[in-house]
Amino acid sequence: MNSILNIDDLHLEVRRDHIANPVLSGVDLSIKIGEIHGLVGNSGAGKSMLAKAILGILPAATRISSGVINFDGKDITRLDSKQRRHLASRHIAMIPQDPMTSLNPVRRVGKQVCDVLQLHMGMDRGKAQQETQRLLDNVQIREPKTVMRMYPFELSGGMRQRVLIAIAFSCKPELIIADEPTTALDVTVQRQILQLIKQLQMNSATALLFISHDLGVVAKICDRVSIMQSGRIVECQTAESLFDEPQHAYTQSLLETTSKYYRFDRGTNTHSETPAEHQDHA
Amino acid sequence: MNEFARRFGSFSSGHLRVWLGGSIVLLLITAAVFAPWIAPHDPLEQDLISGLLPPFWSSDYDSTYLLGTDSLGRDLLSRLIYGARIALIVAIVAATLAAVLGTVLGLLAGYFGGLFDTTISRMVDIWMSFPPVLLSIVLVAVIGTGLHSVIIAIVVIDWTRFCRVVRAEVLVQREQDYITSAVTIGLGRWTILWREILPNVVPLLITLLTLEMGIAIIVEAILSFVGLSVSSDQATWGGLIQEGRQYVHQAWWVMTLPVLCIIASVLAFNALGDGLRSMLDPVMRR
Amino acid sequence: MAPRFILRRLLLILPTLFGVSIIVFVLLRVIPGDPIVMMIPPGATQADIDNLRQLYGLDKSILDQYLIWFGAVLDGDFGISISLRQDVVGLIVSRLPATLELALSAMVLAVVLGITMAIIGTYWQNRWPEAVIDGISGFNQAIPDFLWGLIFILMLGVLWPILPISGRIDPRTGMEFTTQFYLAESLLRGEFSILADLVRHMLLPMVALALPLTAVITRTLKASLFETMTQDYIMLSEIKGFSRWRILIVEALRNALIPTVALSGVQFNFLVGGTVLIERIFSYPGIGNMAIGAVIDRDLPLIQGLIITFAIIFIFTNLLIDLSYRLLNPRVANE
């Protein structure tokens with residue numbers, strides 16, 4: 001078996017006023033080692049809940065009623081919250097949706113990267129600082145030493161997302177969950193960030209679950225795509241065949257709204273390099 | 001939540017507090033109004049050989065003085081009852097005047113806005129940044145001691161509480177549909193202010209007024225404690241505390257009794273105010 | 001930190017004090033009541049009264065009085081106290097340290113207690129510790145420092161007499177101080193038994209002063225921490241695997257303190273104002289206690305000196321608040 005994450009018949013419900021409302025009803029999903037797996041669906045389909053279930057940060061009123069989340073051979077739904085937190089934090093990372101609110105505003109950027117390294121990689125401060133510099137350099141931040149001493153408010157949205165990507169890749173996790181990582185960014189920056197994520201992923205063995213409502217974006221970087229509708233995965237295909245022969249009616253309707261713009265794009269842009277975004281903090 | 005719990009909940013939060021607070025306040029009013037008939041002694045009558053007598057629970061208790069006497073042999077119960085008079089006069093007069101002043105300014109600022117509003121709001125901000133106790137002492141230093149000074153000091157300091165809240169409420173009310181329709185049918189500004197907006201602020205005002213009475217009682221006690229209220233031979237709770245403080249090791253009850261009176265009446269006004277708020281406020285009632 | 005900011009604020013003190021002095025001077029003189037009447041011995045002649053009036057400059061116009069007073073103030077001379085017949089500056093300087101030690105300790109206590117309670121309430125959100133803390137701070141807020149002081153005297157001074165309720169130090173200790181900062185001096189000289197006695201005397205007034213501010217800090221900070229704990233960067237820290245304590249103290253606290261400082265800053269001034277009453281209640285020999293005496297005696301030179309002193313304390317308190325705000329918030333720190 002060469003998949004890092006195997007979700008089998010996962011049911012999730014939210015309790016509100018003593019009534020259990022299903023959020024996920026029988027999700028099956030498997031992510032292979034080192035692949036970029038797209039997860040597409042309308043808002044409310046349950047994508048974010050699925051991500052939270054994997055990360056172990058479900059809201060208090062939410063409960064896994066049945067099913068298995070198998071990560072690296074272990075069913076993480078059976079671990080108690082402490083073990084689960086430990087496993088998930090070390091081996092699963094996240095690239096958040098909104099870079100503007102995802103960095104602590106009163107702590108220096110470098111410190112926020114160092115923290116993770118010191119916690120998970122057992123580095124001392126000096127070593128963590130060196131590694132931070134290298135990581136920031138990797139996400140194409142110019143003058144990483146200067147940026148390390150800055151506060152988040154001194155950086156643009158794109159720059160902050162680069163920092164967050166650096167944090168996500170810092171501990172060489174087996175799986176990264178990217179929850180709409182470009183939605184909050186300018187269109188021009190979006191493309192650079194996508195390329196950066198793709199490039200970093202290719203240079204590591206990390207698998208990536210790429211959540212999006214935008215088939216076009218998914219088409220650009222994903223190997224395989226799962227389509228989600230009302231708490232179920234309705235279709236799972238390689239990106240190629242999904243676009244060529246969508247099986248499910250819902251996928252077809254999704255494609256009809258987006259394909260006009262993106263089918264031409266596909267394959268041509270993915271690897272062409274555009275210069276890194278301007279570092280407008282300077 | 002089931003019906004019973006909801007009813008009980010609203011009862012315990014609103015009605016119970018109104019009943020508890022209200023009955024203590026009523027007791028206070030009765031004591032103040034009928035002081036000459038209730039008080040067993042003249043509060044100023046001295047009996048120097050029976051100074052610092054203990055209250056009824058002590059073995060040395062003298063049956064003519066139910067709650068004992070102060071250092072000059074004056075009957076404590078009578079002094080407490082007459083003290084309630086001054087406390088209540090200050091509470092009612094000062095709180096009402098502060099409410100009137102604050103409400104008028106708040107209504108005008110909120111409804112007319114502009115430069116007037118800016119000036120008033122700025123004044124309220126500056127006013128509220130002064131420590132109230134220090135301000136009241138300085139004010140009394142300026143206008144001299146006496147009952148009227150205490151009242152003036154409270155009004156001058158605490159009108160801001162009403163002004164700020166009323167202004168905010170008017171700003172909310174002004175945007176409501178019923179005001180727009182009142183304007184469309186051609187009602188004048190003053191008519192709208194008086195007939196449409198003011199009635200909506202009244203529930204809030206009643207609550208604030210009740211709370212302010214509790215505050216006024218404390219301020220009066222503070223000023224009479226430091227000797228800046230009415231003349232010292234008149235019976236006030238603060239004056240009694242000041243006297244009891246000197247003999248606290250020999251006769252602790254002289255200070256304890258007025259402190260308890262103050263705490264009880266302040267808590268009563270607070271309970272009444274909070275209870276009224278949850279009963280009168282349509283949002284919280286839900 | 002921005003030294004220019006501090007300098008600018010310090011320069012602002014002068015015009016502020018100038019304004020305060022004018023207002024106070026004029027207010028205290030337009031009102032009825034003759035301070036001279038207080039000081040005349042029985043049987044004094046009109047000539048004696050006129051002499052006294054002349055001595056204190058009270059026979060001149062308000063403007064002239066002000067100019068004379070202000071000219072003297074520039075020389076560091078605030079006049080002679082009418083009731084105590086001593087140099088105003090000397091009086092204030094001898095009493096001010098007691099008040100500063102009391103007020104500062106109360107502030108530190110309030111901040112430490114308030115932050116601790118807010119953190120505990122947030123950590124055990126929706127469980128019994130939070131309910132307990134809400135109860136305590138609700139009670140705290142309902143009772144003013146005046147009543148707290150009286151309650152403490154009755155409970156811990158009389159009913160269960162474990163602490164002294166008057167004064168600053170037991171006169172029997174017989175320690176010779178070189179400064180008026182008894183607390184700091186005994187600490188620096190290593191006189192720990194004296195220090196213990198000072199602390200025992202200060203404890204009740206300090207707690208009474210601190211409690212209302214504690215309540216305000218607890219409530220604002222707890223609300224602010226709740227809000228902060230729902231932020232994205234906190235969720236991300238949870239995903240990264242940091243413990244809840246670490247997240248609360250390292251990540252959330254500083255963010256939550258920023259609005260708390262802005263909202264509760266004015267309450268620090270209220271605490272300073274509270275010393276007037278608390279010192280009176282506990283017969284504590286500070287400038288607050290002296291201020292009430294001065295007001296009762298209509299001792300104009302002393303009142304003026306004291307109000308200016310309080311104004312300076314308020315200005316420094318505000319400066320302290322502003323500085324800590326800038327220290328906490330990187331966005332304004334470097335402006």
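Just so we're clear, the structure is a prediction, and the values are computed from it rather than from any experiment. Letters A, B, ... are given to chains in the order of the sequence lines, protein chains preceding strands, and every chain is numbered from 1.
The CE atom of Met235(C) sits 8.0 Å away from atom CG of Leu55(A), with the distance rounded to the nearest 0.5 Å. Rounded to the nearest 0.5 angstrom, Asn104(A) CG and Asp232(C) CG are separated by 12.0 Å.
Tyr123(C) OH: more than 12 foreign heavy atoms inside a 6.0 Å radius. The local environment of CZ in Arg125(A) is sparse, with at most 12 non-hydrogen atoms from other residues, nucleotides or ligands closer than 6.0 Å. With a 6.0 Å radius and a threshold of 12 heavy atoms from other residues, nucleotides or ligands, Trp245(C) has its CH2 atom above the threshold. Arg149(A) CZ: 12 or fewer foreign heavy atoms inside a 6.0 Å radius.
Using a 4.5 Å heavy-atom threshold, the side chains of Ile239(C) and Ile57(A) count as touching. Taking the side chain as every heavy atom from C-beta outward, Tyr233(C) and Leu103(A) never approach each other to under 4.5 Å. In this structure the side chain of Pro105(A) reaches within 4.5 angstrom of the side chain of Asn255(C), judged on heavy atoms. Between Val250(C) and Arg107(A) there is a side-chain heavy-atom pair separated by less than 4.5 Å.
Looking only at distances, no side-chain donor or acceptor of Arg331(C) sits under 3.5 Å from a matching main-chain atom of Phe153(A).
Heavy atoms of Ile258(C) lying under 4.5 Å from chain A belong exclusively to its side chain. For Arg244(C), no part lies near chain A; criterion is any non-hydrogen pair under 4.5 Å. Using a 4.5 Å cut-off between heavy atoms, Leu236(C) contacts chain A through its side chain alone, with no backbone atom that close.
Contacts between residues 112-121 of chain A and chain C, defined by a heavy-atom separation under 4.5 Å, are made by Gln112(A), Asp115(A), Val116(A), Leu119(A), His120(A).
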